[in-house]
Amino acid sequence: IARDATDPYYPAYHAQPIDGPFVAALRAISAQTGIALMGTVHVINPETPKPSNVFLVIDNGEIRLAYRKIHLYDAFGERESDVIEPGNEVPPLITIDGWRFGVMTCYDLRFPELARAHAIAGADALVVSAAWARGADKVDHWTTLCKARALENTCYLMACSEHSAHNIGHSMAVDPMAHVMAQSESDDVVFADFDRDTLDKARQTLPVLCNRRFAAPVLQGTSRMID
């Protein structure tokens, strides 16, 4: 089994405790700069032999959210479940500067229920951290799904994908009407400004969250419903 950075399971093999040096460095950067950091790390589970793929939100040096990825990437010939322990909880929203964010990790993007659960709970924006694997039509899949999750929930969406020999990059920001505000095909930093009036206007024009008739999603194997 490969153990270098071209191996899609490389991060899992190099998982650290949540209080290990990598997360400690991220917390220090956030504390020193005052910038909120969001992204995924592979974290050792003391209670299981497999680590978890964990989406962290770090604000002012503090870990405010640690979401264990629900949907594991057992698709397109890969089996993330062989090396990763899945999560079993829908993450709560996190509020930063008055904006409510709902987070998702990579393969979660292909499942509309999590994004919809966030929107019903009151999310203004969705944040996706990904290592979207290369392959036939995979850039089209990524772009289509990012725009769909934003449009069907009338939310802003920020989606960051690693750019490497294995992963496509194409990080982007999408507005609530599915317009791509900014995008990079490589390692460039993507900037986008969110506007409250734009969000409100989109939801007045396209009130899908008010018009919906289906009940809120429930995570399989649990009794938890998103209010």
Side-chain angles (χ1 to χ4, degrees), residues 36-40 53 55-57 65 67 69-71 73 75 90-133 137-163 167-186 188-217 219 226-227:
L37 302 177
M38 303 186 190
T40 49
N53 191 343
F55 191 122
L56 294 179
V57 177
L65 179 68
Y67 157 61
K69 184 182 179 186
I70 292 172
H71 299 102
Y73 185 57
V90 173
L93 302 184
I94 192 78
T95 301
I96 298 174
D97 290 340
W99 288 81
R100 292 164 295 185
F101 296 92
V103 306
M104 301 184 290
T105 301
C106 205
Y107 195 43
D108 284 338
L109 186 65
R110 291 187 180 272
F111 300 87
E113 295 85 0
L114 183 54
R116 176 51 56 92
H118 287 323
I120 292 171
D124 304 308
L126 305 170
V127 184
V128 185
S129 178
W132 201 264
D137 302 319
K138 295 297 287 296
V139 172
D140 286 341
H141 291 187
W142 169 255
T143 303
T144 298
L145 290 164
C146 284
K147 295 175 71 173
R149 295 296 88 88
L151 179 63
E152 69 195 4
N153 296 296
T154 52
C155 287
Y156 280 101
L157 181 140
M158 297 185 292
C160 179
S161 174
E162 179 187 73
H163 179 253
N167 301 317
I168 65 167
H170 285 266
S171 297
M172 67 176 70
V174 184
D175 78 7
M177 297 298 280
H179 301 119
V180 176
M181 305 166 67
Q183 184 175 13
S184 170
E185 296 182 9
S186 59
D188 296 333
V189 178
V190 173
F191 294 92
D193 292 325
F194 291 179
D195 177 71
R196 180 67 64 180
D197 290 340
T198 298
L199 179 65
D200 292 342
K201 183 178 179 180
R203 290 180 170 179
Q204 291 167 6
T205 303
L206 183 63
V208 289
L209 297 178
C210 296
N211 295 158
R212 67 185 177 87
R213 296 184 61 191
F214 280 86
L219 182 60
I226 305 303
D227 297 326

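Predicted, not measured: the structure shown is a model, and the values here were computed from it. Excluded from the calculations below are hydrogen atoms, water molecules and symmetry mates; all remaining heavy atoms, backbone and side chain alike, are included.
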Thr40: partners by side chain to side chain donor-acceptor pair (under 3.5 Å), with sequence neighbours left out: Ser129
Any donor-acceptor N/O pair, Lys69 side chain to Asn53 backbone, under 3.5 Å: no
Cys155 side chain reached by Leu199 side chain, heavy atoms, under 4.5 Å: no
Polar side chain donor-acceptor pair, Asp108 to Tyr67, under 3.5 angstrom: yes
Which atom of His163 lies closest to which atom of Ile168, heavy atoms considered: CD2-O, 3.8 Å
Shortest non-hydrogen contact between Asp124 and Gly98, atoms and distance: OD2-O, 4.1 Å
CG-CD1 distance between Leu56 and Ile94, expressed to the nearest 0.5 angstrom: 11.0 Å
Minimum side-chain heavy-atom gap Leu151-Leu206 below 4.5 Å: yes
Any donor-acceptor N/O pair, His118 side chain to Val103 backbone, under 3.5 Å: yes
Atom of Cys106, atom of Ala131 and distance for their closest heavy-atom approach: SG-N, 3.4 Å
For Arg100 against Leu93, the heavy-atom pair lying closest together: CB-CD1, 4.2 Å
Side chain Asn167, main chain Glu162, donor-acceptor under 3.5 Å: no
Euclidean distance, Leu157 CG relative to Met172 CE, rounded to 0.5 Å: 8.5 Å
Main-chain N/O of Lys138 paired to Trp132 side chain as donor or acceptor, under 3.5 Å: yes
With Thr105 via side chain to side chain donor-acceptor pair (under 3.5 Å) - residues at least two apart: none
N/O donor-acceptor pair under 3.5 Å between Asp175 side chain and Ala178 backbone: yes
Side chain to side chain contact (heavy atoms under 4.5 Å, CB included) evaluation trace for Glu113 with Leu219: CA-CA 9 Å; Glu113 295 85 0; Leu219 182 60; over 6 Å; no
Using residues 188-195 as the side-chain source, report each donor-acceptor pair under 3.5 Å to any protein atom, sequence neighbours left out, with the distance given to one decimal.
{"from": "Asp195", "atom 1": "OD2", "to": "Asp197", "atom 2": "N", "distance (Å)": "3.3"}
{"from": "Asp195", "atom 1": "OD2", "to": "Thr198", "atom 2": "N", "distance (Å)": "2.8"}
{"from": "Asp195", "atom 1": "OD2", "to": "Thr198", "atom 2": "OG1", "distance (Å)": "2.9"}

Side-chain (Arg203) to main-chain (Thr154) donor-acceptor, under 3.5 angstrom: yes
CZ-CZ distance between Arg149 and Phe111, expressed to the nearest 0.5 angstrom: 10.5 Å
Stacked cation flag Arg196 on Trp99, 6.0 angstrom / 45 deg: yes
Point-to-point distance, once rounded to the nearest 0.5 Å, from CZ of Arg110 to NE2 of His71: 12.5 Å
Separation between OG1 of Thr95 and CZ of Phe101, rounded to the nearest 0.5 Å: 9.0 Å
Heavy-atom donor-acceptor pair, Arg116 side chain to Ala216 backbone, under 3.5 Å: no
Leu109 and Tyr107, any side-chain heavy atoms less than 4.5 Å apart: no
Nearest heavy-atom neighbours spanning Ser171 and Cys160: OG-CA, 3.4 Å
Spacing of Cys146 atom SG and His170 atom NE2 [to the nearest 0.5 Å]: 11.0 Å
